[in-house]
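Since the structure comes first, as structure tokens, the remarks are kept for the end.
No hydrogens, no waters, no symmetry mates; every other heavy atom, side chains included, goes into these values.
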Amino acid sequence: MSSPARRRWPLILASAFLAVSLIPPPAAAQTNCTDHTFSGGRVYAACNALGELGASVHWTHHAANGTADIAFRVPAGTAGWAAWAINPSAVGMLGANTVFAYHEPATGAVRVLTAVVGSYAPVVADGNLTFAVHGRGAEYVDGVYDVHATVSLPGNSTRQNIVWQVGTSSADGLPESHQAFGDNIMSSRSWDFSSSESAVVDVPAARDSVYSELLHPKNIHGVLNAVSWGVLLPLGVVLARYMRVFPSLDPAWFYLHVACQCSGYVIGVAGWVVGLTLGSKAKGALRYPGHRNIGTALFVLSTLQASALLIRPKKTVKVRFYWNLYHWSVGYTVVVMGVFNVFNGIGILQPDPNYKHAYIGVVLVLAVVAFVLEVVTLTVRFKKSRR
């Protein structure tokens, strides 16, 4: 009969699956722009709730002098930053004349600075924009940044390319990076500030070409890793643990186990290689070291696991016990880390919520099946021990 420690493994695994899969999604951000009252008596002639990042834009155009009072409200955490920009030359990040807001770590005060973003890994420092800024400010209330400024519209044109963004801050609080997925690469428009109708919005303009090029390989990376580390490897563990209890399923369980693990390993390595290539394509803009390091650890552990099959001792040899202990411990570790990293990747990629819900469903099904089969196999083992 199996030891109590071995019996607890599936329960621990099922608990890990449930704990990761039941992490609640972030709360929905505010979207109604007309309900807000600005500080300092500021009033804007028009506003529009933007679809990306839960942001809203508020503006008043002064035709007499070619200026505009502009404010963006963007939900973000205190450890991050928010910004909006006008890009006179293109739609997207490069060349964006940006107004940043962030929290100063030492005092907790909200600071504002202006800078022109000239690269995908900019060092942000307060400076002049390519057009005049007549006033700027920012505040943070109830989890939402209010970043506002009065600017001379470039070329005295009411049609401008606008960008808005949120991201993480460095240790000194200065804006550092933002995600290159989901809303973060869709938050740009070609906008007409002459309209006072809040319902008038131009269609989204063409996105930054570098980010567009990244979307396809990121999706491939996500699908490959979800199928391999997140489905095939856990399924292979479930098959091996519970099918082997029934003598009539021997050696079918072994071949199914090997098929799942080998195909999962090959697909997972392909997904890992695709992930490694993404950093160079991003030109140093954004990386996720935690996600990458877990992926590399998974590759190393799974490669060791595959290599160990070549030196698997016979069942009659005493050292087989230690080989089994190694095989089980590394296998369960890879499964738990793999599922965790898939959820981590989903959080980074920010796909349609239906994809996350579908994967949660797969994990829950595997966990429930493992729990039910654990009860069944324990019952079978108990009956055998009584004979």
Taking Val74 as the starting point, is it possible to reach Val163 by hopping between hydrophobic residues whose side chains are less than 4.5 Å apart? no

May I have the step-by-step check of ring-ring contact (aromatic ring centres under 6.0 Å, His included) for His62 and Phe193, ending in yes or no? CA-CA 9 Å; His62 305 286; Phe193 286 104; over 10 Å; no

Cluster companions of Phe38 among Ile, Leu, Val, Met, Phe, Trp, Tyr (side-chain spacing under 4.5 Å): Tyr44

N/O donor-acceptor pair under 3.5 Å between Tyr140 side chain and Ala76 backbone: yes

Who are the side chain to side chain donor-acceptor pair (under 3.5 Å) partners of Thr60, not counting sequence neighbours? none

Looking at Leu364, Val365, Leu366, which one forms a side chain to side chain contact (heavy atoms under 4.5 Å, CB included) with Val362? Leu366

Non-neighbouring partners of Asp250 that pass salt bridge (Lys or Arg N to Asp or Glu O under 4.0 Å), sequence neighbours left out: none

Residues, nucleotides or ligands: over 12 heavy atoms within 6.0 Å of Phe131 CZ: yes

I'd like to check the salt bridge (Lys or Arg N to Asp or Glu O under 4.0 Å) partners of Arg111; sequence neighbours left out, ordered by chain and number. Glu104

With sequence neighbours left out, write down each residue that passes side chain to side chain donor-acceptor pair (under 3.5 Å) with Asn128, or none if nothing qualifies. none

With the 4.5 Å side-chain cut-off for hydrophobic clustering, are Phe321 and Trp328 part of the same group? no

Quick one: list whatever passes side-chain contact (heavy atoms from CB on, under 4.5 Å) with Ala308, sequence neighbours left out. Trp323, Tyr326

Taking side chain to side chain donor-acceptor pair (under 3.5 Å) as the definition, give me every residue that meets it alongside Ser89, ordered by chain and number, with sequence neighbours left out. Asn87

Measuring from atom CG of Leu239 to atom CG of Leu256, what distance do you get when rounded to the nearest 0.5 angstrom? 6.0 Å

Does Ser187 use its side chain to pair, donor to acceptor, with the backbone of Trp164 at less than 3.5 Å? yes

Treat each ILVMFWY residue as a node, draw an edge where side-chain heavy atoms are under 4.5 Å apart, and state whether Phe72 and Val141 are in one component. no

Side chain to side chain donor-acceptor pair (under 3.5 Å) involving Ser152 - partner list, sequence neighbours excluded: His134

Sub-3.5 Å donor-acceptor pair from the side chain of Trp84 to the main-chain atoms of Gln165, do we have one? no

According to side-chain contact (heavy atoms from CB on, under 4.5 Å), who are the partners of Lys315, at least two apart in sequence or on a separate chain? Arg320

By ring-ring contact (aromatic ring centres under 6.0 Å, His included), which residues pair with Phe100, not counting sequence neighbours? Trp81

For this output row, return yes or no: ring centroids of Tyr359 and Phe343 closer than 6.0 angstrom. yes

Using atom types as modelled and distance alone, determine if a side-chain donor or acceptor of His257 lies under 3.5 Å from a backbone N or O of Gly236. yes

Would you tabulate the side-chain donor-acceptor contacts of residues 261-269 under 3.5 Å, counting partners in other chains and residues two or more places apart, or write 'none'?
{"unit_1": "Ser263", "atom_1": "OG", "unit_2": "Ala259", "atom_2": "O", "d": "2.7"}
{"unit_1": "Ser263", "atom_1": "OG", "unit_2": "Cys260", "atom_2": "O", "d": "3.1"}
{"unit_1": "Tyr265", "atom_1": "OH", "unit_2": "Thr303", "atom_2": "OG1", "d": "2.9"}

Qualifying residues under salt bridge (Lys or Arg N to Asp or Glu O under 4.0 Å), relative to Asp146, sequence neighbours excluded: Arg42

Sidechain N-carboxylate O distance under 4.0 Å for Arg189, Glu52: yes

Path from Tyr355 to Ile360 over hydrophobic side-chain contacts below 4.5 Å: no

Does the side chain of His148 come under 3.5 Å of the side chain of Asp69 through a donor N or O and an acceptor N or O? no

